[in-house]
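Index from 1, following the sequence. Both ligands and their constituent atoms are indexed starting at 1 by order of listing.
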Amino acid sequence: MQNRPLSGKTALVTGSTSGIGLGIAHSLAQAGANLVINGFGDRAAIDTLCQEIAQKHQVRIFYHGADLSHAEEINDLMIASSREFSGLDIVVNNAGIQHVAPIESFPPEKWDAILAINLTSAFHTTRLALPWMREQNWGRIVNVASVHGLVASAQKSAYVAAKHGLIGLTKTIALETAQSKITCNAICPGFVLTPLVQKQLDARAAQLDISDIEAKHSLLAEKQPSGNFVTPEQLGALTVFLCSEAAQEIRGAAWNMDGAWVAQ
Ligand code: NAD
């Protein structure tokens with residue numbers, strides 16, 4: 001196996017049983033990193049997925065099903081991961097959920113869940129991972145924010161607030177680690193065709209009485225000038241780059257990969 005710059009490193013990717021997290025997990029494993037996989041789904045399917053990644057990339061994989069809306073489960077995830085490997089060198093805070101509704105009818109429990117999963121969980125994983133990273137004087141924290149961490153869209157109050165918060169958290173961590181070989185950056189995808197976006201496409205198709213293809217075209221036309229979805233593989237490659245030695249002095253960045261969404 002050639003070109004495995006992350007060989008010997010261990011990476012936690014939260015929410016990696018699906019979508020972007022799974023794409024990032026594949027890319028990190030391809031670069032040689034052992035993995036802690038986290039997220040929901042059918043346990044047998046997750047076990048098969050872990051075996052496939054482990055075999056394909058010859059890395060060790062550990063799965064933990066922590067619900068990241070509960071601080072004590074995050075604690076358990078971090079302790080179990082450190083027991084399995086000696087510590088976590090790379091933490092990718094990716095898990096996230098969405099809910100779309102005007103603020104007057106936005107369910108308060110959805111607000112709480114979005115803030116907990118999309119923002120607070122990154123605070124907990126980071127505070128628990130940093131002592132080991134500081135001991136090694138090496139670490140990479142990559143927060144999967146969104147273009148919605150940079151600009152807003154109507155009906156996404158909790159998501160936009162959480163993602164703006166995540167970019168703020170990223171900058172603070174970058175400052176607190178600036179004089180070490182630990183870096184913290186955010187990546188800000190535009191639309192990526194994952195189950196999270198498919199739900200929005202289904203709602204749009206039903207509301208406008210249009211096909212799935214038409215819903216895709218109209219969603220992209222509204223926001224993403226390239227007209228293309230960003231892919232999990234592209235985001236995986238960006239994450240591997242941010243984990244590389246070449247990215248050592250990229251600190252506190254909010255790096256958009258969005259088909260020119262925020263260039264407008
Ligand atoms: P997805 O629904 O495909 O995957 C979400 C993952 O998070 C799954 O593995 C799921 O099991 C896990 N998850 C959800 N709630 C959890 C919880 N309480 N505890 C642990 N794991 C949990 O979604 P995705 O589109 O791949 O989104 C991943 C991240 O990328 C999110 O943070 C999302 O906000 C962000 N993002 C997505 C897009 C997009 O267009 N899809 C764009 C920008 C940013």
Check your understanding: Looking only at non-hydrogen atoms, which of G15, P189, G190 approaches atom 7 (O) of ligand 1 most closely?
Key ->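 Heavy atom nearest to atom 7 (O) of ligand 1 belongs to G15.
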Ligand 1 versus [X]: contacting region, heavy-atom distance under 4.0 Å:
X    : answer
V147 : neither
T194 : side chain
L196 : both

Check your understanding: Does CD in E245 sit with more than 12 non-hydrogen atoms of other residues, nucleotides or ligands closer than 6.0 Å?
Key ->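 Correct, the count exceeds 12.
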**Study point:** Over 12 foreign heavy atoms within 6.0 Å of CD, E109
**Key:**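 Enclosed: over 12 neighbouring heavy atoms sit under 6.0 Å from CD of E109.
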Can you find a non-hydrogen atom of [X] under 4.0 Å from ligand 1?
X    : result
A145 : yes
P195 : yes
F229 : no
C188 : no
A116 : no
Q98  : no

Check your understanding: Any chance the side chains of D202 and Q198 put a donor and an acceptor closer than 3.5 Å?
Key ->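 Result is yes, a qualifying pair exists.
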[atom]: nearest protein contact (heavy atom, Å):
atom                    : result
atom 38 (C) of ligand 1 : I20 CD1, 3.8 Å
atom 9 (O) of ligand 1  : T17 OG1, 2.8 Å
atom 11 (O) of ligand 1 : F40 N, 2.8 Å
atom 31 (C) of ligand 1 : N94 O, 3.1 Å
atom 14 (C) of ligand 1 : I97 CG2, 3.9 Å
atom 3 (O) of ligand 1  : S18 OG, 2.7 Å

Review point. Can you name the closest pair of heavy atoms from L238 and I187 and give their distance?
Key: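 L238 and I187 have their closest heavy atoms at CD2-CG2, 3.6 Å.
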Check your understanding: So, for L22 and L49, which heavy atoms are closest and what is the spacing to 0.1 Å?
Key ->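 Closest pair (atom of L22, atom of L49, distance): CD1-CD2, 3.7 Å.
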Check your understanding: How long is the gap from CH2 on W261 to OG on S153, to the nearest 0.5 Å?
Key ->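 W261 atom CH2 to S153 atom OG measures 5.0 Å (nearest 0.5 Å).
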Point to revise | Reported OG1-to-CD distance for the pair T183 and E249, which is rounded to 0.5 angstrom | key: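 Here the interatomic distance stands at 9.0 Å.
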Please check: side-chain N/O of [X] versus main-chain N/O of [Y], any donor-acceptor pairing under 3.5 Å?
X    : Y    : value
N118 : I97  : yes
R140 : S244 : yes
T170 : C184 : no

Quick check: does [X] get an N/O under 3.5 Å from an N/O on ligand 1?
X    : value
V192 : yes
N118 : no
L68  : yes

For [X], atoms of ligand 1 separated by under 4.0 Å from a heavy atom:
X    : value
I117 : 18 (N)
N38  : 20 (C), 21 (N)
G39  : 11 (O), 21 (N)
G96  : 5 (C), 7 (O), 31 (C), 32 (O)
A66  : 19 (N), 20 (C)
G19  : 3 (O), 26 (O)
D67  : 17 (C), 18 (N), 19 (N)
Y159 : 33 (C), 34 (O), 35 (C), 36 (N), 37 (C), 43 (C), 44 (C)

Review point. Tell me the salt bridge (charged side-chain N to carboxylate O under 4.0 Å, His left out) pairs involving residues 208-227, sequence neighbours left out?
Key: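 Residue pairs with at least one partner in residues 208-227: R204-E222, D212-K216.
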Exercise for review: List, by chain and then residue number, the residues other than V160 in its hydrophobic cluster (Ile/Leu/Val/Met/Phe/Trp/Tyr, side-chain heavy atoms under 4.5 Å); write none if there are no others.
Suggested key: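 Direct or chained contacts put V160 with none.
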Review point. Taking the six-membered ring of F62, is NZ or CZ of R60 closer than 6.0 Å to its centre and within 45° of its axis?
Key: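 Not flagged: R60 not positioned over aromatic ring of F62.
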**Study point:** Mutual orientation of the aromatic rings belonging to H26 and H57 [parallel < 30°, tilted 30-60°, perpendicular > 60°]
**Key:**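 Plane angle over 60°, so perpendicular.
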Check your understanding: So do the side chains of L235 and M257 get within less than 4.5 Å of each other, counting heavy atoms only?
Key ->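 Result yes, sub-4.5 Å side-chain heavy-atom pair found.
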Review point. For the side-chain contact (heavy atoms from CB on, under 4.5 Å) test, which of L169, I167, L175 pairs with K171?
Key: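 Option passing the side-chain contact (heavy atoms from CB on, under 4.5 Å) with K171: I167.
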